[in-house]
2 protein chains.
Amino acid sequence: MDITFINDPKLCLLLPYIYVAWEDDIMTKKEFGTLHSFISGQEWLTKAEKDFLKQKIDYDSPPSRTEMSQWKEMINRALTTKSPKTLFELGFSVANTERDAIDEADYLSAVPEFAAMEASMGIMGTQVMAGLPNDRDTITTRYSTVESFNISEMAALLDGEQGPLINSVREIIGSKEFELGTTTDTAAYRELVMHWCRLLAEKGLGAYAYPTGHGGRNDIEGYFAIMETLSYHDLSLVIKFGVQFGLWGMSILSLGTEKHYRKYLKQVGTLELPGCFAMTETHHGSNVKGIETTATYNHAGRTFTICTPTPFARKEYIGNAAVHGEMATVFAKLIIDGHDYGVNAFIVPIRDKNKNTLPGITIEDCGRKMGLNGVDNGIISFTNVVIPYENMLDRFANVNEQGEFESPIPSDNRRFFTMLGTLVGGRIGIPQSALSAAKTGLAIAIQYGDKRRQFGPENGREVPVLNYRMHQLRLMPYLAKAYALHFGLQYLTKRFVNRKEDDMQEIEALAAGMKAYTTWNTRNTLQECREACGGKGYITENRIDSLKNDTEIYTTFEGDNTVLMQLVAKYCLKEARKEFGEMNVSTVLSYFLEKAKTGITEKNPFATRNTDEAHLKDPQFHQQAFQYREKELTASAARRFKKLVDNGLDAFDAANVMHPHMLQVAYAYLDRVFLEQFAEKISTCENKILHEVLTRLYNLFALHRLEENKGWYLEQGYMEGPKTKAIQKMVSQLCWEIRQDAVPLTHAFHIPKNCLAPIVTTRIEEAS
Amino acid sequence: MDITFINDPKLCLLLPYIYVAWEDDIMTKKEFGTLHSFISGQEWLTKAEKDFLKQKIDYDSPPSRTEMSQWKEMINRALTTKSPKTLFELGFSVANTERDAIDEADYLSAVPEFAAMEASMGIMGTQVMAGLPNDRDTITTRYSTVESFNISEMAALLDGEQGPLINSVREIIGSKEFELGTTTDTAAYRELVMHWCRLLAEKGLGAYAYPTGHGGRNDIEGYFAIMETLSYHDLSLVIKFGVQFGLWGMSILSLGTEKHYRKYLKQVGTLELPGCFAMTETHHGSNVKGIETTATYNHAGRTFTICTPTPFARKEYIGNAAVHGEMATVFAKLIIDGHDYGVNAFIVPIRDKNKNTLPGITIEDCGRKMGLNGVDNGIISFTNVVIPYENMLDRFANVNEQGEFESPIPSDNRRFFTMLGTLVGGRIGIPQSALSAAKTGLAIAIQYGDKRRQFGPENGREVPVLNYRMHQLRLMPYLAKAYALHFGLQYLTKRFVNRKEDDMQEIEALAAGMKAYTTWNTRNTLQECREACGGKGYITENRIDSLKNDTEIYTTFEGDNTVLMQLVAKYCLKEARKEFGEMNVSTVLSYFLEKAKTGITEKNPFATRNTDEAHLKDPQFHQQAFQYREKELTASAARRFKKLVDNGLDAFDAANVMHPHMLQVAYAYLDRVFLEQFAEKISTCENKILHEVLTRLYNLFALHRLEENKGWYLEQGYMEGPKTKAIQKMVSQLCWEIRQDAVPLTHAFHIPKNCLAPIVTTRIEEAS
């Protein structure tokens with residue numbers, strides 16, 4: 001009788017190995033050799049049997065596809081009865097399924113050899129099992145979205161008092177008139193955006209922040225809510241809106257006086273008078289103090305002559321300038337009788353009502369940009385443009401009848417920064433807009449990831465990509481950050497609205513820092529969202545294109561992020577110096593006491609190695625760890641700077657060396673503020689279920705930031721390996737848990753459907 | 001006599017404080033109070049003197065601007081003679097400059113009080129000094145580009161043997177006909193790109209890799225050099241070129257046989273026959289094994305019927321499909337008599353010579369994309385499209401006269417992956433293209449940073465932004481990476497060109513890994529370049545827009561990066577298992593010996609804390625550290641996976657948990673390979689000067705990667721805080737040193753001028 005697997009069941013012990021050898025798509029000739037020699041080594045096989053088996057694994061004469069199918073069927077039959085853990089066990093099931101004729105006991109001696117060979121073939125039995133057909137229902141397959149909380153309640157909690165206004169704006173941008181397009185015709189796009197702006201102005205949204213006496217509602221908080229909500233829609237619209245009503249209008253309100261309000265504000269708010277904010281120059285962006293445009297006072301007739309001395313002093317990237325602007329707030333150095341009185345602001349007409357540029361004004365178009373092509377950025381230069389005396393925005397300085405300079409702020413430097421300080425509002429609108437863009441991206445990527453299936457257990461259904469740990473790790477931390485930043489920015493707005501003079505430094509630092517922190521976070525979020533949506537994320541109609549390219553400049557305008565972070569860090573050092581500086585014993589003492597306390601509660605071996613779940617989720621641990629990082633980085637920055645200077649380094653060179661360190665100081669400061677505000681918000685949330693959901697997000701935010709900084713904490717000996725590893729594990733676990741809430745958590749943003757993407761709003765992707 | 005600073009010189013001791021109080025743009029009312037009470041506390045001042053001083057710091061009646069100017073002049077006079085370190089010292093110089101009348105000795109007792117107050121005011125004397133006018137020439141100001149090596153020699157070293165070919169391609173893309181545009185008209189753009197492709201085909205560049213017998217030069221290495229160089233130019237051109245000559249042409253060459261070569265290759269190489277590569281489907285991108293398009297064999301007439309069973313099985317994102325393609329290599333499941341014989345490839349005509357789509361073919365346009373809008377991506381579906389028998393690409397399988405399936409590879413799975421393996425070339429072209437894009441971005445950002453000046457010491461000239469440490473830290477590591485990856489990809493190409501069958505698994509892993517590693521690096525590099533160029537980087541004409549948006553999809557196509565990295569890690573584990581698996585005593589022994597050695601030379605307290613410069617720059621230290629990370633991550637991955645499965649987790653779920661860990665395994669493997677190849681390249685460089693320059697870049701690459709992974713090394717106890725801190729310091733130092741070479745290092749890429757940006761090629765930015 002011929003030797004076959006059926007006739008000679010014990011040969012079936014090797015069938016799985018042979019099958020895998022041919023099935024496996026990565027086995028090399030060499031590995032066939034290993035199997036070959038293994039067979040030769042088995043004493044329990046006769047020469048004939050060995051020859052039979054070897055011929056089945058002859059690399060140069062593979063089995064027919066038909067034979068492969070037969071083997072596969074035999075293995076399938078075996079798997080229906082048992083679920084073996086190794087190829088060896090599988091071999092027995094095959095043998096005994098075909099003919100119950102083999103006793104495992106007879107082959108125990110061979111087990112280690114089989115195991116060794118299994119390994120040497122580069123196959124882990126279990127992995128192969130995974131590859132072998134058996135319809136499996138795995139945890140990963142079963143996992144899915146669970147709506148564990150009330151979406152409207154969460155949305156209400158996010159919107160807060162501004163809910164009604166936010167909803168009315170949602171309705172407007174959700175309406176037919178605001179249908180998004182993907183035109184590449186710049187001219188048409190700019191007109192569409194202008195048209196949208198007019199519609200919003202008609203509804204009184206433009207003037208929202210202006211005094212009631214001048215067509216507004218005197219509601220700056222409302223204005224921010226409008227910006228935030230509009231930002232779910234086209235961001236060119238948001239920036240155009242911000243340039244007109246924020247920069248242009250607010251410059252008049254902040255730097256001008258009653259006579260200017262009366263003359264301009266109403267028309268600005270209705271968009272009858274489109275205008276620009278002309279500060280940045282070709283050679284002076286971040287260092288605006290250095291701008292070179294001049295406003296020379298003429299005693300005769302009390303006028304000013306505005307001039308652009310060099311091509312590098314042209315006003316560049318000016319929104320509303322290329323097409324629509326009719327006037328501009330121009331920042332220029334005031335010159336009286338040859339003396340320079342520092343930077344002041346002037347209203348300069350640039351176009352007549354028919355949009356013809358006026359004499360002495362030259363305007364170039366900035367041309368195509370990465371994004372925001374619905375905004376008409378231009379370059380303005382002035383050749384002896386004479387403006388009347390009243391056009392000087394004179395809240396902080398003026399030229400009196402005698403042609404003398406007068407100001408309550410004697411220092412030109414200080415006066416300029418005071419002027420800038422009044423414009424800090426712009427830095428609050430930008431991060432809110434950036435955050436809304438990030439939310440839209442997250443809503444798209446997460447809802448798509450919940451539907452999009454790819455890969456899965458063999459013969460099992462494919463799995464929603466959002467069930468993959470890797471995919472969760474890419475998106476969940478950004479979802480948590482979106483919530484953290486949302487509450488942090490609400491706090492900033494409140495602080496700004498209720499500001500007192502002595503708060504201004506802190507508020508300016510918070511605004512600068514949150515602008516940088518949030519816009520960088522948006523950049524990273526949208527990058528991850530694009531990749532998480534694969535090819536679909538690359539198609540313009542799915543919105544990540546415009547969200548990403550429009551917000552790309554957010555990290556640069558309204559102050560370059562790296563520069564802003566330096567300002568924040570300087571503020572931190574200044575505050576710290578007050579603390580260390582005051583030779584007030586009690587303070588010093590309390591400081592050292594605190595250090596000591598830190599030592600006791602945090603740096604002792606128990607704390608540095610504590611991997612207890614309760615501890616890792618304890619807000620006190622998070623807050624101490626965040627505060628420690630902020631304090632330590634700030635103190636060491638002060639020490640280092642002093643040391644560098646004491647060693648004879650010029651202060652400017654020393655500051656240069658310190659820049660990277662300062663960036664960390666700023667990050668630590670902002671992390672701590674965001675953490676505190678998130679915790680604060682949760683503590684006031686009475687809805688038990690929302691409280692639970694938000695706490696998970698809070699924990700992820702806190703632990704994820706600790707993980708991102710684990711290198712520093714380990715260097716400091718503040719944590720040890722076991723603890724940072726435990727944190728990493730918990731981050732992954734939290735991502736897994738939050739994945740179930742993820743889709744509802746994005747629905748809670750209440751983003752109008754027409755602002756989302758076809759991949760999530762149309763049904764075609766759904767079935768599968 | 002009135003009390004004035006001049007009449008009463010000792011009051012000058014306080015002048016600097018008063019001046020600073022008003023000049024400083026961040027002093028609060030509270031801080032004025034501090035100064036106020038300080039003055040009250042000074043016994044050496046009379047009541048009248050105190051009143052005088054207090055009146056000078058009355059927050060509500062500031063000095064006139066004129067008075068401020070007088071004070072400033074007094075301070076300037078004092079600074080011309082001396083350069084004091086504190087405000088207190090400055091006070092003395094002021095007093096003694098005005099009237100040499102004050103003896104420091106009389107006031108020694110007051111010194112600590114003054115110092116305390118200085119601190120409490122939140123001012124470090126030195127910082128104020130920095131703010132006070134004195135024309136200073138700082139290290140940061142002086143620093144600049146130094147051409148320390150011969151650019152042509154470096155360029156030659158980079159280009160290697162392909163130099164002549166690369167230069168000829170540089171000439172072509174540098175020519176008038178290849179002038180870059182910024183059109184937003186998709187149709188026009190697509191035609192321009194097609195026109196460029198024709199010009200390249202005419203010059204024989206398209207067929208470069210094809211057999212000499214079929215119009216080619218049989219030079220695949222040359223083909224890669226062409227792709228690499230073209231990638232300095234428009235990337236739509238590169239992708240269109242790659243789709244036509246790479247994907248479409250190479251699918252015929254790799255999957256077809258002589259009859260197909262004769263029939264198609266020549267026309268493909270001349271672009272007479274534009275074609276597509278139709279594999280990806282709407283629902284199957286990464287998991288391409290699951291595609292659902294069918295090719296049913298018809299015994300009568302020996303034909304195949306191609307069908308798209310569901311909308312989700314449409315062939316999506318197919319390059320050349322929307323407009324130009326006339327044929328396509330279509331991947332479909334072969335069905336014979338109702339049996340599924342797995343995925344095979346077929347040539348399917350889709351348009352006639354007049355570009356009319358053929359019966360049964362439906363083609364939709366993918367529409368606007370983030371980038372690559374010069375490539376006509378389309379969606380193809382098939383309704384009972386009948387093709388002749390010969391159109392099956394039959395290198396790996398065919399249907400014989402009897403209508404039976406025949407293949408030398410019995411496993412459908414294995415056959416498919418073998419087919420894919422022959423197409424690995426695509427994964428080599430993409431990272432090369434991505435790297436060229438990164439180089440272009442670096443050339444623009446670095447050359448701009450060398451010219452762009454912003455900020456500087458008071459009254460000193462503004463400083464090139466590339467002199468700022470922060471700016472260097474943003475760009476120099478990417479410059480080092482560009483060089484590291486350049487040599488790594490050259491190594492991959494060589495390995496591919498000289499491949500033997502047993503190398504294929506390693507080469508496929510290297511190609512997949514380097515594709516992911518390089519395209520992610522390009523994404524990060526271009527992001528940093530955009531921000532480093534500020535607003536200028538946002539303007540389309542400066543190229544970062546297109547570079548960034550065109551390469552955005554590189555991380556997704558030719559295999560999603562996260563998926564590819566999983567394949568790489570699987571390869572690493574497989575290799576490791578071979579090592580651990582073979583029950584060969586000597587191997588096991590040598591493995592443990594190695595572990596032991598590792599312990600001795602690396603994990604001992606001396607090594608973990610060694611901050612010695614020579615040690616940190618020792619290639620052996622780098623290689624050991626990189627190898628240790630690779631080994632340890634791989635071994636622990638194997639352990640963890642086994643543990644999870646032993647604990648009863650389904651292998652598929654276990655794999656899911658392991659994904660993030662596996663990503664780290666892949667990174668560690670690739671880092672080690674790139675490091676080795678960079679070191680290897682340097683060791684063979686005989687030019688002493690280039691050797692020195694490259695060694696600096698190598699050190700930065702090595703140490704920067706160690707720093708990026710310091711968290712892991714600290715967790716492992718492989719390094720301790722002092723060492724990782726020393727590494728961070730050295731990274732910053734290396735960035736500072738390399739900054740001098742940075743501009744020449746980008747010139748060495750020899751990027752055609754017309755492929756760079758106006759901000760660096762036009763002169764307008766230069767003066768300042």
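Note on naming: letters A, B, ... go to the chains in the order of the sequence lines (proteins, then strands), and numbering restarts at 1 for each one.
Contact tally against chain B (heavy-atom pairs below 4.5 Å) for A:Gly535, A:Gly534, A:Pro62: the top residue is A:Gly535. For the set A:Phe557, A:Phe455, A:Tyr713, A:Trp736, the entry with the most heavy-atom pairs within less than 4.5 Å of chain B is A:Phe455. The most heavy-atom pairs under 4.5 Å with chain B, out of A:Thr555, A:Thr310, A:Asn377, come from A:Thr555. Here A:Glu501 is the residue among A:Glu508, A:Glu501, A:Met662, A:Met504 with the most heavy-atom pairs under 4.5 Å with chain B. In terms of non-hydrogen atom pairs under 4.5 Å with chain B, the most contact-rich of A:Asp502, A:Thr186, A:Leu573 is A:Asp502. For the set A:Asn549, A:Thr280, A:Thr562, A:Leu473, the entry with the most heavy-atom pairs within less than 4.5 Å of chain B is A:Asn549.
Proximity of A:Glu316 to B:Lys536: side-chain heavy atoms (C-beta onward) are separated by under 4.5 Å at one or more points. The closest side-chain heavy-atom distance from B:Asp545 to A:Lys369 is not below 4.5 Å. Looking only at side-chain heavy atoms (C-beta outward), A:Glu462 and B:Asn287 come within less than 4.5 Å of each other. Looking at B:Trp22 and A:Ile409, their side chains never come closer than 4.5 Å, going by heavy atoms from C-beta outward. Put simply, the side chain of B:Tyr317 reaches to within 4.5 Å of the side chain of A:Ile539, judged on heavy atoms.
Contact of A:Ser64 with chain B is made through the backbone alone, with heavy-atom distances under 4.5 Å. Only the backbone of A:Trp712 comes within contact range of chain B, with at least one heavy atom under 4.5 Å from a heavy atom of that chain. Interface remark: A:Glu406 contributes no atoms to any contact with chain B (heavy atom separation under 4.5 Å). Residue A:Asn656 touches chain B through both its backbone and its side chain, counting heavy-atom pairs closer than 4.5 Å. When heavy atoms are compared at a cutoff of 4.5 Å, A:Leu372 approaches chain B by way of both its backbone and its side chain. Heavy atoms closer than 4.5 Å to chain B are found in both the backbone and the side chain of A:His284. Residue B:Ile553 touches chain A through both its backbone and its side chain, counting heavy-atom pairs closer than 4.5 Å. If you measure heavy-atom distances from A:Pro660 to chain B, the contacts under 4.5 Å come from both the backbone and the side chain. Interface remark: A:Ile139 contributes backbone and side-chain atoms alike to the contact with chain B (heavy atom separation under 4.5 Å). Both the backbone and the side chain of A:Tyr538 come within contact range of chain B, each with at least one heavy atom under 4.5 Å from a heavy atom of that chain. Only the backbone of B:Pro408 comes within less than 4.5 Å of a heavy atom in chain A; its side chain stays farther off.
In this structure a side-chain-to-backbone donor-acceptor pair under 3.5 Å is missing from B:Tyr341 to A:Arg65.
In this structure, B:Phe416 has no ring-ring contact (aromatic ring centres under 6.0 Å, His included) partners at least two apart in sequence or on a different chain. For the side chain to side chain contact (heavy atoms under 4.5 Å, CB included) test, residues two or more places apart in sequence or in another chain that qualify with B:Pro722 are B:Thr611, B:Glu720.
Look at B:Lys725 and A:Glu715 and you find no salt bridge, because none of the NZ, NE, NH1 or NH2 atoms lies under 4.0 Å from a carboxylate O. A salt bridge is defined here as a Lys NZ or Arg NE, NH1 or NH2 lying under 4.0 Å from an Asp or Glu carboxylate O, and B:Glu552 with A:Arg530 meets this definition. With respect to the salt-bridge test (charged N to carboxylate O, under 4.0 angstrom), the residues B:Arg523 and A:Glu531 qualify.
Ring orientation note: the planes of A:Tyr468 and B:His659 are tilted relative to one another, at an angle of 30° to 60°.
For the residue pair A:Thr138 / B:Asp650, no side-chain donor-acceptor distance below 3.5 Å is found, with atom types taken as modelled. Residues A:Ser286 and B:Gln454 bring no donor and acceptor atom of their side chains to less than 3.5 Å of each other.
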